[in-house]
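Everything on this sheet refers to the single structure shown next.
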Amino acid sequence: MTDLTHLSIADALAKLRAKSISAVELTQAYLSRIEQLEPKISAYITVTAERALKDAEAADQARASGDERPLLGVPMAIKDVLSTTGVETTCGSKILRGYVPVYSATAVQRLEAAGMIMLGKANMDEFAMGSSTENSAFQITHNPWDTDRVPGGSSGGSAAAVAARMAAGALGTDTGGSVRAPAAFCGVVGLKPSYGRVSRYGLVAFGSSLDCIGPMARTVEDVASILQVMAGYDPLDSTSMNLDVPDYHAALEGGVKELRIGVPREYFIDGVQPELQAAVQAAIQQFKSLGAEIVEITLPHTDYSLPVYYIIAPAEASANLARYDGIRFGPKIDKNDMWETYKATRGQGFGPEVKRRIMLGTYALSAGYYDAYYGKAQQVRTLIKQDFENAFETVDVIAAPVTPRTAFKIGENVNDPLQMYLEDVFTLPASLAGVPSLSLPCGRDQNGLPIGLQLIGRAFSEDVILRAAHTYEQSTEWHTALPAL
Ligand code: GLN
């Protein structure tokens, strides 16, 4: 093989361990690929080439002296919402331009401790608000399968980087679908872990009760390897769960016999792109032929997920974003008095979608409306969570589409926020319920664009959905296809 960027993380690690390639060679291959394709894709806000090569040299030296850390020498992209010591972290926003954190997010720090090489910070919708990465204040990321189309969002830079072989793997974050949807649009694997499985420390907050950090890669096995390193209790995040982390690698084997797979009727509805629906149905049939039992189920409160999410997420965002006032965080635009200064700073620092969310959230939380909106949304959220609990009494995994359609055209939704919100209908329920959910390639539409299959599991059963996903993946060819570019 000439181009090392074709290697999966597992294959790259095998070659690194056998010393048939070096971390410097592998990192150099990714950096060359970035140099070649970044003008076309714009996946990165910051490329940390020098640092990556230095880290790669150190990785090779460590390996020479017997170091066998699990990700030693693996080059990855990190979504720019994750704090990285000494490397600018913008969250895709002008308001954080120039902000250089003095600490790294626990997830990043654990990956680095395991030997990961950071290639750079991936583009994203501003503060992770969006479904297309068009809300980035800096650039539009292009879908590697068709550069006139969006990569999905908000972790579009991460997904595009992995699909275009500009990174071996990536971290994204998922508040309402932002790992799964871009993974689906770009034809890669993405996992939103259970809420509490991975520490949120150092993840710049959007919707704190929803935010999850998730791995993206070209195979299920690679996603399992990344999750393995970052999962587990962290005293710095009081919502991280003190639970044993299973051996996700060992969990991949065993097949899907005995597994009961639920097909929720609320996810197979009119308005979903027909080829997408057919591909997901075919994947479900594939599970059946692999020995799984297919059970039709109902998640009756599915319809409420969208309105509930678009109250709770903006409400939490409006509180979380109060700190960007030019005094605590962000550059200050000085005016004559405090209010003018405040308005100018926030008015120019935030893009339109972020302002919209702050206004929606502030309204939903205001005295007199709190009970009618936020309080009610929390009650309905409990019903959505109970839907999943009920379903998981009879099934082990739920199979569904990730998105209602494949990657749409750049610009198509930008003037219609409601249409943009509708793209999230199938990913929001698992986010509100806090359960793990994975997206993996299961087909292609008539334009050759990737289609994603969503597998949702019980809380903290990442091992089960990884096994189901791996079994399916190994029985099909979808994950081997790469965009032409
Ligand atoms: N598209 C959703 C939103 O705009 C989800 C974003 C996310 O998961 N970060 O809020």
Side-chain angles (χ1 to χ4, degrees), residues 4-31 33-34 48-49 51-79 82-85 87 104-122 158 161-162 165-173 179 188-191 193 197-199 202-203 213-232 234 245-252 462 466 470:
L4 298 179
T5 65
H6 278 284
L7 297 169
S8 66
I9 292 177
D11 291 343
L13 278 168
K15 287 195 190 307
L16 286 165
R17 285 181 186 134
K19 303 202 175 66
S20 61
I21 63 169
S22 70
V24 169
E25 283 166 341
L26 186 63
T27 303
Q28 191 57 65
Y30 278 106
L31 290 172
R33 183 93 183 151
I34 292 171
T48 49
R51 173 183 164 133
L53 283 171
K54 233 177 69 203
D55 290 350
E57 264 169 46
D60 285 331
Q61 272 162 21
R63 175 157 277 124
S65 50
D67 190 336
E68 279 301 338
R69 279 174 289 154
L71 295 177
L72 189 60
V74 175
M76 286 179 55
I78 305 295
K79 186 178 182 180
L82 292 160
S83 303
T84 43
T85 313
V87 177
S104 285
T106 296
V108 174
Q109 182 251 311
R110 287 184 182 177
L111 292 186
E112 284 186 327
M116 179 270 297
I117 314 280
M118 184 172 78
L119 293 167
K121 306 293 298 285
S158 302
V162 172
R165 295 184 282 112
M166 295 157 73
L171 288 191
T173 60
V179 163
V188 301
V189 185
L191 171 69
R197 181 55 101 188
V198 175
S199 168
L203 157 61
I213 303 173
M216 300 163 108
R218 294 190 289 264
T219 68
V220 175
E221 184 186 8
D222 288 355
V223 159
S225 305
I226 302 168
L227 178 67
Q228 192 76 58
V229 167
M230 59 180 193
D234 175 14
V245 177
D247 180 337
Y248 292 120
H249 246 268
L252 296 177
E462 286 83 359
L466 285 165
H470 177 74

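Nothing here was measured: the structure is a model prediction, and the numbers come from that model. Residue indices begin at 1 and follow the sequence shown.
At least one donor-acceptor pair closer than 3.5 Å links the side chain of T84 to the backbone N or O of V87. Side-chain atoms of K121 come within 3.5 Å of backbone atoms of L82 as a donor-acceptor pair (strictly under, hydrogens ignored).
A side-chain donor from one of K79 and T173 sits under 3.5 Å from a side-chain acceptor of the other.
Heavy-atom minimum distance, V188 versus A217: CB-O, 3.4 Å. Across all their heavy atoms, L466 and L227 have their closest contact at CD1-CD2, 4.2 Å. What you find for L119 and A167 is that their closest heavy atoms are CD1-CA, 3.8 Å. Closest approach of G73 and L26 over heavy atoms only: O-CD2, 3.5 Å. Of all the heavy atoms in A77 and A161, the pair that sits closest is CB-CB, 4.3 Å. Counting all heavy atoms, side chain and backbone alike, L72 lies closest to A62 at CD2-CB, 4.4 Å.
The structure places OG1 of T27 at 10.0 Å from CG of L4, a figure rounded to the nearest 0.5 Å. One finds the CG atom of D222 at 13.0 Å from the CG atom of L191 (value rounded to the nearest 0.5 Å). The distance from atom CD1 of I34 to atom OG1 of T5, rounded to the nearest 0.5 Å, is 10.0 Å. The NZ atom of K15 lies 13.0 Å from the OG atom of S22; values are rounded to the nearest 0.5 Å. A distance of 5.0 Å separates CD1 of I78 from CE of M76, quoted to the nearest 0.5 Å. One distance of note links CD of E25 with OG of S20; it measures 9.0 Å at 0.5 Å rounding.
Using a 4.5 Å heavy-atom cutoff, the side chains of R197 and M230 are not in contact. A heavy-atom distance below 4.5 Å is not found between the side chains of M118 and D55. No side-chain heavy atom of V74 sits less than 4.5 Å from a side-chain heavy atom of L111. Annotation: side chain of D247 is in contact with side chain of Q228 (closest heavy-atom distance under 4.5 Å). Inter-residue side-chain proximity for L13 and L7 is flagged as unmet; no heavy-atom pair is nearer than 4.5 Å. For the pair V220 and L252, the minimum side-chain heavy-atom distance is below 4.5 Å. Contact annotation: the side chain of R110 approaches that of D234 to within less than 4.5 Å [non-hydrogen atoms, C-beta and beyond]. A 4.5 Å side-chain heavy-atom check between I21 and L16 finds at least one atom pair inside the cut-off.
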- Task: Output, in order, the C-alpha distance, side-chain angles, deciding distance and verdict of side-chain contact (heavy atoms from CB on, under 4.5 Å) for I226 and I9.
- Result: CA-CA 9 Å; I226 302 168; I9 292 177; 3.9 Å; yes
- Message: Working note: R63 + R17, criterion side-chain contact (heavy atoms from CB on, under 4.5 Å); need CA distance, chi angles, decisive distance, verdict.
- Response: CA-CA 8 Å; R63 175 157 277 124; R17 285 181 186 134; 4.0 Å; yes
